[in-house]
Amino acid sequence: MASLAQQFAGLICPPLSSSRLAERAATFSKPKRAANSVVTAKAVAISNVQTQERHKLKELFEEAYERCRTAPLEGVSFTLEDFHAALDTYDFNSEIGTRVKGTVFMTDNNGAFVDITAKSSAYLPVQEASIHKIKRVEEAGIVPGMREEFVIIGENEADDSLILSLRSIQYELAWERCRQLQAEDAIVKGKVVGGNRGGVVAVVEGLQGFVPFSQISSKSSAEELLDKELPLKFVDVDEEQSRLVLSNRKAMADSQAQLGIGSVVTGTVQSLKPYGAFIDIGGINGLLHVSQISHDRVSDISTVLQPGDTLKVMVLSHDRERGRVSLSTKKLEPTPGDMIRNPKLVFEKAEEMARTFRQRIAQAEAMARADMLRFQPESGLTLSSGGILGPNISDLPAEGLDLSDVPPADESDGHGTPEDESD
C-alpha cells in the first residue's frame, strides 16, 4: 500500500508558475493569430485583383480616348452622312415662323393634334385651320391621317407643345393669287360681307377687299348689296399694307363691251315677273321678255323657266347708259315652240341658230341698202351678185390691160369676118 501511495504521490502535478502560465497562454493563442493572418492575406489578394482591374480599365479608357481623338470613325458603320440625315429627320428648328411637315393623328372640338416628329406634341387650333371661318377642323378637310405643311406660330408654356397654323400659309397663297389675277386683268366674283359709308367689303380668294361706292356701277346701298356677289376687278393689291381695293365698275365695263348685238351668252335665271325673267349674264341683269321666250305663246313663265335655270340667250339690245339689256331665246329656236317642248335642244343649237339669224339679218340689210341705192345712183355704190355692197365698177377692162392674148372672134359668132380682121 505504501508503495502504491508513493506511486500516486509521484503522479501529483507540481504547481504552475506565472511564467509557465504565460507560455501556456501563448500556446493557446497561436492558432488565432494564424487565422487572422489568413484573412489578411485574402484581403490583400482581393485588393490586388481590383487594382489590376482598375489598371486594365484605365488602359482601355486611355486607348479609347486616343482612338476617338485620332480616328473617331474608324470601324464605325454609322457615317457622318447618316448622322446629318438623322438630324434632318428627327431634329428641326422650332422657332416661330418655321414651316414643318406633320401628320394629323387626332381631332377634337377645338382643333387637331399633329405629329411633327418633335420631342413635344403640336396642336392646330380651329381658328388657325383655314382662311375661312369654320366651327370644326373637319369642315376644312382636316382629318386623322392628313399630311400637310404647317407653320409654327407659338408655344404653349403649360405643356411645351407647339402651336401650328394653316391659315398663315393660305393667306400667303391668297395674296399671291390676287397679284396674279391683277396682272391678268381678270374679272372675279366677290361676296359682299359688310359695308360702311364709303363702300362695301367683299371677300375675294378668302381675303377681304374694299369696294368704294364710286367703283360700284349701280346706286345700291350697302344693305341692298349685303350677301350678294359682284363681278370685280383688282385696283390695288398691297400685301405689306394689307390693302386690297376692288372695282365693280371696271368689271362691268369689260363685261358690257363683250355684249355685242346678236351674240349668244350663257346666263342664270334670277327672278320671274309676269312680264318676263331677269337673267344674270356675267354680273349684268338682262330682261328676257315673255314675248321673246318662244314663238309659241307663253301664258305662264313658271311653266318654262325657274330661278336657278341655266340657259343660252341672244342679246337683242344693250343700253349702256341705263344698263339695260334685252335678251331672247325665241331667236334661237330651231323650230317654233322648241323652248317650251325641248329647251335642251335650244341650248345645244344656240350658236348655230344665232349664226343663221345673223346671216339672214345681214342679207336683209344688204337688200334694203340696194333698194335705197337704186334711187340714188349718184352714190357710186352697187350690190354685187353675191349680195355684197361695194363701189360701182364698170364692165370695161382697166387701163393698161394687155389685149394681145385675146383670141380673135369666131366667124360663126356674128361679131366679125376675116376681112374685118385684116383691116
For His295, is there any backbone N or O sitting under 3.5 Å from a side-chain donor or acceptor partner on Glu333? yes

With a 3.5 Å distance limit and no angle check, can you tell me whether Ser294 reaches the backbone of Lys330 through a side-chain donor-acceptor pair? no

For Val192 and Val201, what are the C-alpha separation, side-chain angles and deciding distance, and is it a side-chain contact (heavy atoms from CB on, under 4.5 Å)?
CA-CA 6 Å; Val192 178; Val201 177; over 6 Å; no

So NZ of Lys58 and CD of Glu63: to nearest 0.5 Å the spacing works out to 14.5 Å

Heavy atoms of Leu316 and Ser328 approach each other most closely as CD1-CB, 3.5 Å

CD1 (Ile293) and CG (Leu311) are apart, to the nearest 0.5 Å, by 9.5 Å

Salt bridge (Lys or Arg N to Asp or Glu O under 4.0 Å) filter on Asp227, not counting sequence neighbours, yields none

Sorted by chain and residue number, the side-chain hydrogen bond (donor to acceptor under 3.5 Å, both in side chains) partners of Asn110 (sequence neighbours excluded) come out as none

Without swapping roles, check the side chain of Glu348 against the backbone of Leu345 for a donor-acceptor pair under 3.5 Å.
no

Donor-acceptor under 3.5 Å (Gln215 side chain, Asn248 main chain): no

Before accepting this row, confirm whether a basic side-chain N of the pair Glu128/Arg167 lies closer than 4.0 Å to the acidic partner's carboxylate O. yes

Sequence neighbours excluded, the answer for salt bridge (Lys or Arg N to Asp or Glu O under 4.0 Å) partners of Lys349 is Glu352

Heavy atoms of Val193 and Val203 approach each other most closely as CG1-CG2, 3.7 Å

message = The test is side-chain contact (heavy atoms from CB on, under 4.5 Å); show your working for Leu287 and Val325 and say whether it passes.
response = CA-CA 6 Å; Leu287 176 63; Val325 181; over 6 Å; no

Glu155 meets the salt bridge (Lys or Arg N to Asp or Glu O under 4.0 Å) criterion, sequence neighbours left out, with none

Under a 3.5 Å cutoff, is there a donor and acceptor pairing between the side chains of Glu138 and Thr107? yes

side-chain contact (heavy atoms from CB on, under 4.5 Å) test vs Leu181 passes for just one of Val188, Leu232, Val204, namely Val188

Donor-acceptor pair, side chain of Glu229 and main chain of Lys191, under 3.5 angstrom: no

Quick one: side chains of residues 142-153, donor-acceptor pairs under 3.5 Å with protein atoms, not counting sequence neighbours, listed by atom name and distance.
{"from": "Arg147", "atom 1": "NH1", "to": "Thr103", "atom 2": "OG1", "distance (Å)": "3.0"}

Subject >> Carboxylate-amine/guanidinium contact Arg99 Glu172, below 4.0 Å >> reply: yes

Applying side-chain contact (heavy atoms from CB on, under 4.5 Å) to Thr335 and not counting sequence neighbours gives Asp338, Arg341

Minimal heavy-atom distance between Pro231 and Ile187, with the atoms involved, is CB-CG2, 4.0 Å

Interatomic distance, CD1@Ile216 vs CG@Leu230, rounded to 0.5 Å, equals 6.5 Å

field: Any side-chain donor near an acceptor of the partner, Glu139 and Ser130, under 3.5 Å
entry: no

Tightest non-hydrogen contact, residues Ala140 and Ile134, listed as CB-CD1, 3.8 Å

Arg358 side chain to Gly262 backbone, donor-acceptor under 3.5 Å | yes

Taken to the nearest 0.5 Å, the spacing of Ser214 OG from Arg249 CZ works out to 7.5 Å

Correct closest heavy-atom pair for Lys273 and Ile301 would be O-CD1, 3.1 Å

Across all chains, not counting sequence neighbours, the side-chain hydrogen bond (donor to acceptor under 3.5 Å, both in side chains) partners of Ser302 are Asp300

Next item on the list: Compare all side-chain heavy atoms of Asp309 with those of Thr268 and state whether any distance is below 4.5 angstrom.
Entry: no

- Are any of the side-chain heavy atoms of Val265 and Ile279 separated by less than 4.5 Å? no

By side-chain hydrogen bond (donor to acceptor under 3.5 Å, both in side chains), Glu176 pairs with (sequence neighbours left out) Arg179

Minimal heavy-atom distance between Ile116 and Gly102, with the atoms involved, is CG2-CA, 3.8 Å

Rounding to 0.5 Å, atoms CD (Gln170) and CG (Leu207) come to a distance of 10.5 Å

* To do: Count the heavy atoms of every other residue, nucleotide or ligand shown that sit under 6.0 Å from CD of Glu351, and state whether that count exceeds 12.
  => yes

Gln363 meets the side-chain contact (heavy atoms from CB on, under 4.5 Å) criterion, sequence neighbours left out, with none

Residue set satisfying side-chain contact (heavy atoms from CB on, under 4.5 Å) with Phe347, at least two apart, ordered chain then number -> Thr310, Lys312

Output for pair (Leu166 CG, Leu124 CG), nearest 0.5 Å, gives 5.0 Å

Item to check | Sub-4.5 Å side-chain heavy-atom contact between Asp236 and Leu244 | outcome: no

(message) Could you tell me if the side chain of Asn109 sits less than 4.5 Å from the side chain of Arg136, heavy atoms only?
(response) yes

For residues 122-149, the ring-ring contact (aromatic ring centres under 6.0 Å, His included) pairs (sequence neighbours left out) are Phe113-Tyr123

Notebook entry, point to check: How about Pro212 and Val245: do any of their side-chain heavy atoms sit closer than 4.5 Å?
Noted result: yes

Residues passing the side-chain hydrogen bond (donor to acceptor under 3.5 Å, both in side chains) test with Ser168, sequence neighbours excluded, are Ser165

Could you give me the CA-CA distance, side-chain angles and deciding distance for His55 and Glu59, then say whether side-chain contact (heavy atoms from CB on, under 4.5 Å) is met? CA-CA 6 Å; His55 184 70; Glu59 289 180 351; 2.8 Å; yes

| message | Between Leu246 and Val235, is there a side-chain heavy-atom distance shorter than 4.5 Å? | response | no

Problem - Val211 side chain reached by Ser247 side chain, heavy atoms, under 4.5 Å - result: no

- Determine, step by step, whether Phe213 and Val200 satisfy the side-chain contact (heavy atoms from CB on, under 4.5 Å) criterion, reporting the C-alpha distance in whole Å, the side-chain angles of both residues, the deciding distance to 0.1 Å, and the verdict. CA-CA 7 Å; Phe213 279 125; Val200 298; 4.2 Å; yes

Item to check | Sub-4.5 Å side-chain heavy-atom contact between Leu272 and Pro307 | outcome: yes

